[in-house]
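Numbered from 1 within each chain, the chains take letters A, B, ... in sequence-line order.
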Amino acid sequence: MSLVLYNTLKRAKEPFVPRDPKHVGMYVCGPTVYDFAHIGNARPVIVFDVLYRLLKRRYPNVIYVRNITDVDDKINAAAKANNEPIAALTARTAQAFHADIGELNALPPDVEPRATEHIGEMIAMIRILIERGHAYEAQGHVLFSVASDADYGKLSNRSRDEMIAGARVEIAPYKKDPADFVLWKPSAPDLPGWESPWGRGRPGWHIECSAMSKKHLGQTIDIHGGGVDLVFPHHENEVAQSECAHGAPFARYWVHNGFLSVNGEKMSKSLGNFITIRDALKLAPGLAPGEVIRVFMLGTHYRQPIDWTEDALKQARSSLDRFYTALRNAADVPAVAGAVDPEVDAALDDDLNTPLALQALHRLAGDLNKATNVSDCARLKASLLASGDLLGILKQDVEAWFKGRIVAAVGTASGTSTVKGVGALAVGAATISGSGAVFMEEGEIERLIDARNAARQRKDFAEADRIRAVLAEQGIVLEDKAGTTTWRRAG
RNA sequence: GGCCCGGUGGCAGAGUGGCCAUGCAGCGGACUGCAAAUCCGCGUACGUCGGUUCGAUUCCGGCCCGGGCCUCCA
């Protein structure tokens, strides 16, 4: 059992060999807290959560660091637009982020550093870069000198000249070279700022990750993750800053998740297809869509693009229905300590092949359905649960899954509200609002089932079928087996 | 223009130099008072043109198409 990861730095899969197997460190770029996180943000959260779970299974001490960027021009702009203090905006948004990804069953990272709490470390790093001739001050700005770093471009595989040729580089008068990027910049009195050797200012975007990963994981980290769009410039610049400041390799394995599109289009506010995690979770609150979203994400390999569509979500839910059905049918089998299925381990070891792992889960579910003796059932059930746990799924109560829990809406800044009813699993901003159906109360369902069974006893099948139809209209599906009737809410 | 990914059956989506993906949907059967669930069976899939090979969807090259990045971005 050995983990293989695709390393962006090498553009190839390679065996993961930690520097120190007793202390494995992973740094993942977290959110900039200026607005609700969107479903694109959910992808790295879920992908690296699975990697974290896998690493914890393989190594005794894993430190997972995911930062919160709470100083940024977008934050300043959003606060101004909302007429809201910056600290209130970032606190509110960070809290919403935690609530949202909690619904996705993502484990919290071990450390969640905030940029504003590491200004001192950033300033210290910038000073070292200046001392070593890799950065210079100009008109209150401090810029990183790309020309001073012979290795610049090794992560994103592009040369400085190619960047300039792109001609979209910001040419500022204080730059010695158009490719240079900002480490520190002056801040207006009404904007967040900190005293520094270069006057009152605030950090550039890239320096925070360099400073925070150094502080919490050391100069050289095992794994650095994020979305592919961050490869350039963000991660390239992190490499440049950290390696020039420390003279040591920065990250040994770079892991990048692919992009998410919505109905085949790039998600953007201008296209009107911008979906927040929060809105996605409201699509079908009674059916725990956090887990549906999770299976949807894991159904595609993390480096492949993934397309958010209604059909894809329905298929994810169908997969979960199958898993939970197998578990429901084995409900009376005692739970035993379970072993993760070897195929699941092997699939995840191969660069996090979650679709293949899901296939193994389907096989387990099928085997469980077919198992005839109690010991096989117990073993397969336990294996299915343990394997699911490694993927962060199948943690719910089986009956709750089928009967539809009444969930509290994900907390908003003003509190929480109770949401009842299962809307269609609608997708897209235009259809999110329509979840107005009201649940039939469970007591009423049970009463009708009793009435139907009484009818069946006296062979009044017309009445029995009438009641079945009444319930079907409410989205309730009945299943008669072994003398008892169970029910579930249909999708 | 530069760099990087992809194109697999109705849909989604793994994978492999010669034999099975898997799920959903569909069809047939078993089971059921009827259903549902489950089980069994069923589908001449690998963009295109060449090359290597005994044999390629899988390796190599050209082409076509799609996507991402090129200092806002997970």
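Between the side chains of Tyr52(A) and Asp110(A), a donor-acceptor pair is found at a separation under 3.5 Å. Under 3.5 Å, the side chains of Glu238(A) and His234(A) contain a donor-acceptor pair of N or O atoms.
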Quick test: give all pairs of protein nitrogen or oxygen and nucleotides 66-69 of chain B nitrogen or oxygen below 3.5 Å, distance rounded to 0.1 Å.
{"from": "C69(B)", "atom 1": "OP1", "to": "Lys266(A)", "atom 2": "NZ", "distance (Å)": "2.7"}

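Look at Ser318(A) and you won't find any side-chain N or O under 4.0 angstrom from OP1 or OP2 of G23(B). Side-chain N/O atoms of Trp205(A) include one lying less than 4.0 angstrom from OP1 or OP2 on C73(B). Listed pair Asn157(A) / C3(B) fails the phosphate criterion, with no side-chain N or O lying under 4.0 Å from OP1 or OP2.
One donor-acceptor pair, N or O on each side, does fall under 3.5 Å between the base of C11(B) and the side chain of Gln315(A).
Side-chain proximity of His38(A) to A74(B), G15(B), A37(B): nearest is A74(B).
Between Asn369(A) and Asn237(A), the residue whose closest nucleotide on RNA chain B is further toward the 5' end is Asn369(A).
In this entry the distance linking CD of Glu236(A) with P of C70(B) reads 13 Å, nearest Å. Rounded to whole Å, atom C1' of U22(B) lies 9 Å from atom CG of Leu358(A). Lys74(A) has its NZ atom 11 Å from the C1' atom of A74(B), to the nearest Å.
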Base-pairing string, 5' to 3', of RNA chain B - Watson-Crick or wobble, under 3.5 Å, | interstrand:
(((((((..(((.....[...))).(((((.......)))))....(((((..]....))))))))))))....

Can you check each nucleotide of nucleotides 26-34 of chain B against protein heavy atoms at under 4.0 Å and return B for base, S for sugar-phosphate only, - for none, in 5' to 3' order?
-------BB

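The pair Glu399(A)-Arg328(A) meets the salt-bridge criterion, since a charged nitrogen lies less than 4.0 angstrom from a carboxylate oxygen.
Ring geometry, Tyr27(A) versus His224(A): the interplanar angle falls from 30° to 60°, so the pair is classed tilted.
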